[in-house]
Amino acid sequence: MDHRTVFQVFLYFLLVTVRSEVQKDFSEECREFMYMGTAPRGLENRSLKKICQRYNGKPRYVTLYDVVDHIPVYSAYTFKRSDGFKKVDVPWMYEPQLSTTADSGEMQPFPQNVHGSFSDAQAVLEDYSDTVEFERGHLNPDEHQAHPDDKAATYTLTNVVPQVREFNIGHWKRHEHIIRRRLNNYCRGMAYIVTGVTTSGRMIRRYNIDRVAVPTYLWSAYCCVDYDHNAPFDERSKFPAFASHGLNEKEGAEVVEMSVQQLEDFLKRNTFVDKRFQIFFENCEPNNVIMKGQT
């Protein structure tokens, strides 16, 4: 192999490394979507991949994605104030970072002909095409974003899970509205949200093959340390952090709000997180952060 060939091989691997955003750990620019730049702790598995979700040249949020179950375990994002009604018209996208044939670092619209490698590590449109019971439910919902590009970036299949239709358009949608209004009205600074799922083995099948895991519960938690201390007590008591979960079923699917600690205890009992599991750094308690910095 001559020197020119060696250089070409080196350049190729350099380009792939630079453009790929499936990371062992989230880069600094992608950590901005998590409180104190820290990802939820206690979620470790070889099938889980950390994705910095990029669209139109910028990182938009982050996702922990299961390449075996073909669903996100969680998406973490920063809330943007909006009226919640403006929509964007974009095609569903896939994640080239999980494809063995692509070297792009940004989500892309699905091509007309989907190569087999596209579906090896992620869901594809065909997985949802014959399901009557389920819809594609966002973890980072477009109504929690304001800029058209941030909204557009939520339309990737690496940010959605199969949600029972009645739950998706009913209890969970109403809960997303409630959180948007609460943070719009009473969060004065940055709000960080993590929304995820639990599973219990139920799958969408295609060609007699398990393709996409169906969540048992959806859960969500937010952290806003700079909030209106003069807010009504019923709202003020839900700061700086609060959480919720809902059963992904047609009936009995009310969304229950609770403390972040209560949600963490629930998830320790109902999913694969370990005993160190923590959604927000120092439990989103600014006093804990200050004291830790002084020690």
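Position 1 is the first residue of the sequence; numbering continues from there.
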| message | Go through it in stages, so that I can follow the logic: the residues are Val124 and Tyr94, the test is side chain to side chain contact (heavy atoms under 4.5 Å, CB included), and I'd like the CA-CA distance, side-chain angles, deciding distance and then a yes or no. | response | CA-CA 7 Å; Val124 295; Tyr94 76 100; over 6 Å; no
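- Under a 3.5 Å cut-off, the side chain of Gln262 and the backbone N or O of Ser259 do form a donor-acceptor pair.
- In terms of heavy-atom proximity, Val73 sits nearest to Phe272 at CG1-CZ, 4.2 Å.
- Salt bridge present: Asp25 and Arg31 bring a charged side-chain N and a carboxylate O closer than 4.0 Å.
- A donor-acceptor pair under 3.5 Å links the side-chain atoms of Asn185 to the main chain of Arg181, judged by distance alone.
- Tracing side-chain contacts under 4.5 Å through hydrophobic residues (I, L, V, M, F, W, Y), one never reaches Leu218 starting from Ile169; they form parts of separate clusters.
- Using a 4.0 Å cut-off between a side-chain N of Lys or Arg and a carboxylate O of Asp or Glu, Asp228 and Arg188 qualify as a salt bridge.
- Looking at Tyr155 and Asp142, their side chains come closer than 4.5 Å, going by heavy atoms from C-beta outward.
- With no hydrogens or angles considered, no side-chain donor-acceptor pair links Thr198 and Thr271 at under 3.5 Å.
- Neither side chain, Arg174 nor His177, offers a donor N or O lying under 3.5 Å from an acceptor on the other.
- Residues Asp210 and Arg206 are not paired through a salt bridge, judged by the lack of any N-O separation under 4.0 Å between the basic side chain and the carboxylate.
- Using cut-offs of 30° and 60° on the angle between ring planes, the pair His245 and Tyr217 is perpendicular.
- If you check the side chains of Ser244 and Ser220, you find no donor sitting under 3.5 Å from an acceptor.
- The hydrophobic cluster containing Met203 does not contain Leu157, counting ILVMFWY residues as joined when their side-chain heavy atoms lie under 4.5 angstrom apart, directly or transitively.
- Between the side chains of Asn140 and Gln145, at least one donor-acceptor pair of N or O atoms lies under 3.5 Å.
- Side-chain N/O atoms of Tyr222 and Arg182 include a donor and acceptor closer than 3.5 Å.
- Counted by atom type alone, Asn248 and Gln163 present zero donor-acceptor pairs between their side chains at under 3.5 Å.
- Thr158 and Gln53 are linked by a side-chain donor-acceptor pair at a separation below 3.5 angstrom, with hydrogens and angles left out of the test.
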| side chain to side chain contact (heavy atoms under 4.5 Å, CB included) evaluation trace for Ile193 with Tyr74 | CA-CA 10 Å; Ile193 300 181; Tyr74 69 72; over 6 Å; no
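- Scanning both residues, Ser129 and Glu126, for their nearest heavy atoms gives OG-O, 2.9 Å.
- A salt bridge links Asp149 to Arg60: one of the charged nitrogens lies within less than 4.0 Å of a carboxylate oxygen.
- Contact detail for Cys284 and Tyr35: the closest heavy-atom pair is CA-CE2, 3.6 Å.
- In summary, Arg165 and Glu249 do not engage in a salt bridge, as defined by a charged side-chain N under 4.0 Å from a carboxylate O.
- Grouping the Ile, Leu, Val, Met, Phe, Trp and Tyr side chains by contacts below 4.5 angstrom, directly or via other members, places Met107 with Phe110.
- Checked by atom type, the side-chain pair Thr199/Thr216 shows no donor-acceptor distance below 3.5 Å.
- Exactly one of His138, Lys80, Glu176, Lys151 qualifies for a side-chain contact (heavy atoms from CB on, under 4.5 Å) with His144. That residue is Glu176.
- For an aromatic pair to be called close, the ring centres must be under 6.0 Å apart, and Phe239 with Tyr227 satisfies this.
- In this structure, Lys50 is positioned above the aromatic face of Phe26, its NZ or CZ under 6.0 Å from the six-membered ring centre and within 45° of the axis.
- The cluster map of Ile, Leu, Val, Met, Phe, Trp and Tyr, joined by side-chain heavy atoms under 4.5 Å apart, puts Phe242 and Ile178 in different clusters.
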